[in-house]
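Here the structure is laid out as structure tokens; the discussion comes afterwards.
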Number of protein chains: 2
Amino acid sequence: MPGAKEEDFLPLRDSVYNKLRQAILTGEYPPGERLMEVHLGDKLGVSRTPIREAIRMLELEGLVTMIPRKGAMVSQITEKNMSDVLEVRRALDILCVQLACERITSDGIAELRKARDNFERAVATNDSRRIAQADVEFHNVIIRATGNDRLISLEDSLSLPMYRYRYEYIKDSSGHDNLVKEHRKIVNAIEKRNPEAAASETGEHIDNQRRSIMRQIRLEREEETMNALYGKRTIR
Amino acid sequence: MPGAKEEDFLPLRDSVYNKLRQAILTGEYPPGERLMEVHLGDKLGVSRTPIREAIRMLELEGLVTMIPRKGAMVSQITEKNMSDVLEVRRALDILCVQLACERITSDGIAELRKARDNFERAVATNDSRRIAQADVEFHNVIIRATGNDRLISLEDSLSLPMYRYRYEYIKDSSGHDNLVKEHRKIVNAIEKRNPEAAASETGEHIDNQRRSIMRQIRLEREEETMNALYGKRTIR
DNA sequence: CCGTTCATTTATGTATACAAAGTTCAAGGA
DNA sequence: TCCTTGAACTTTGTATACATAAATGAACGG
């Protein structure tokens, strides 16, 4: 049957999972928001079964917290929590570049250069959304170059909790020049297949990211404290 | 109501999850075994709902593989797969000892010494089961000393796929003296709060483990090949 | 006026029923 | 003999119904 392309029907649970995940990452469902099965089911037009399964998946990724007999809520993002994630990500990102130095193919290097250039073009436009996307893609090239499937999926799930901050982080970065420089240094180190240099550059890259994200969380918390003192804002 | 201790009723899904996990890790359900919902439900005396949820949890941990509209099966353990896991674990174990050097309390050090001594006593008995357990506990002390909850849960899920081999690994280890020595070196480094030494000792420790596990997987695969050539064994 | 208790409500935990997709195997024709 | 076809069966996907625990609030008593 030529030309007949199978439209892939992905199961409802996956569809629901994607929708919920998106809603959480964009902040539509803020931390602490309760996720009630019947309510979500009505809203999305499906029964409780796929909702439950989607929520379980989100729980295992750490985006929602479940309390038995109580229900699910969007995970609170605490400073400690984010700090823990970043600590682990630092080690894994360094592992990624080290492995990439050993294993990247010439095609991979070409792809990496392209991603770097694309990132620099994005920075030139000053469009935060585009910059964030190019940044993700740049890192994905490196991660894929490791050829380690477990590492790839771990990096994926560890970067989730930070997506809410990545956008602001990009804007916050006082001048994007640092980001561009850091990316260049990392590419150079990988091209030369120099794991030590790549590792140290990556460490610095993450440390900068950490500082920015931590500052933001503190700001956010202060704001919350103010709200608590001067009046609770209505929730939807 | 003094003395009245609440017996914790854990939900059926968790109970099922534990049972299935145990069955997979002990090899009762070998890799490739299909996990059918009604069948398991009959066997365990529960409906499909908790079974499904337990299977989803196992899938996210990598112990079972799901194919849409086809069902779940116990994940195949390939050399590549295990190699990927070990590569990640090496990086995280090293992170653990480095953090432990910074953060371990004096109580923690006392606990660590106790775990080390307990391990040595276990080795003296030559009881593989006991040795394996003492080994796990030793590493857990270090992991907990990091105070990083995300790291703790990651280490937990990454060590799962190896449990099937750990037991054999202990037996295989030609003389347990190496293990004892390695543990001692790690404890010494942590006591002196020397992250570099701790990291290098841990790296070596994991590399030894890796060699042993890889050898075993190859042996197992050869055996399978023989079976395939000379006759298929019946599956339950 | 405050605290306790009990009924009501709400949401989750679990079971079951129905729908649809995939697999298997046998029958029929080239 | 081999390939095709289709019907029965198996198994998952989804919806719904029932059971049970927690939270809420009102009524009663001190």
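A note on names: the letters A, B, ... follow the listed sequences, proteins ahead of strands, and every chain is numbered from 1.
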Is a salt bridge present between [X] and [Y], judged by a nitrogen-to-oxygen distance below 4.0 Å?
X: B:Arg144; Y: B:Glu137; value: yes
X: A:Glu59; Y: B:Arg13; value: no
X: B:Lys80; Y: B:Asp84; value: yes
X: B:Glu87; Y: A:Arg150; value: no

Measure the distance from [atom1] on [X] to [atom2] on [N] and round it to the nearest whole Å.
X: B:Met36; N: C:dT23; atom1: CE; atom2: P; result: 14 Å
X: A:Ile55; N: C:dA11; atom1: CD1; atom2: C1'; result: 11 Å
X: A:Leu12; N: C:dA21; atom1: CG; atom2: P; result: 12 Å
X: B:Ile51; N: C:dT14; atom1: CD1; atom2: P; result: 11 Å
X: B:Arg52; N: C:dG13; atom1: CZ; atom2: P; result: 16 Å
X: B:Met57; N: C:dG13; atom1: CE; atom2: C1'; result: 14 Å

Verify, without hydrogens or angle tests, whether [X] (side chain) and [Y] (backbone) share a donor-acceptor contact under 3.5 angstrom.
X: B:Ser83; Y: B:Glu79; result: no
X: B:Ser75; Y: B:Gly62; result: yes
X: A:Arg34; Y: A:Met73; result: no

Legend entry - Sugar-phosphate only, base, or nothing, as touched by B:Arg13 at under 4.0 Å among non-hydrogen atoms: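 The answer is sugar-phosphate, as B:Arg13 gets under 4.0 Å only of primed atoms, P, OP1 or OP2.
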Inset, instruction - May I ask you to say what A:Leu35 touches in the nucleic acid, namely base, sugar-phosphate or nothing, with a heavy-atom cut-off under 4.0 Å? - result: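 Contact class for A:Leu35: sugar-phosphate only.
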Legend entry - Separation between CE of B:Met66 and CG of B:Leu58, rounded to the nearest 0.5 Å: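 The CG atom of B:Leu58 is 10.5 Å from CE of B:Met66, to the nearest 0.5 Å.
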Inset, instruction - Taking ring pair (Phe, Tyr, Trp, His ring centres under 6.0 Å) as the test, write out the residues that go with A:Phe138, two or more places apart. - result: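 For A:Phe138, the residues satisfying ring pair (Phe, Tyr, Trp, His ring centres under 6.0 Å) (neighbours in sequence not counted) are A:His183.
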Legend entry - Sorted by number, the residues of residues 64-74 of chain B with heavy-atom contact under 4.0 Å to DNA chain C: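 When residues 64-74 of chain B is checked for heavy atoms under 4.0 Å from DNA chain C, the hits, listed by number, are B:Arg69, B:Lys70.
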Inset, instruction - Identify the 5'-most and 3'-most nucleotides of DNA chain D with at least one atom closer than 4.0 Å to a non-hydrogen atom of chain B. - result: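 With heavy atoms of chain B under 4.0 Å away, the range is D:dT11 to D:dT14.
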Inset, instruction - Determine: side-chain N/O of B:Arg48 to OP1/OP2 of C:dT14, distance under 4.0 Å, yes or no. - result: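 No, because none of the side-chain N or O atoms of B:Arg48 sits under 4.0 Å from OP1 or OP2 of C:dT14.
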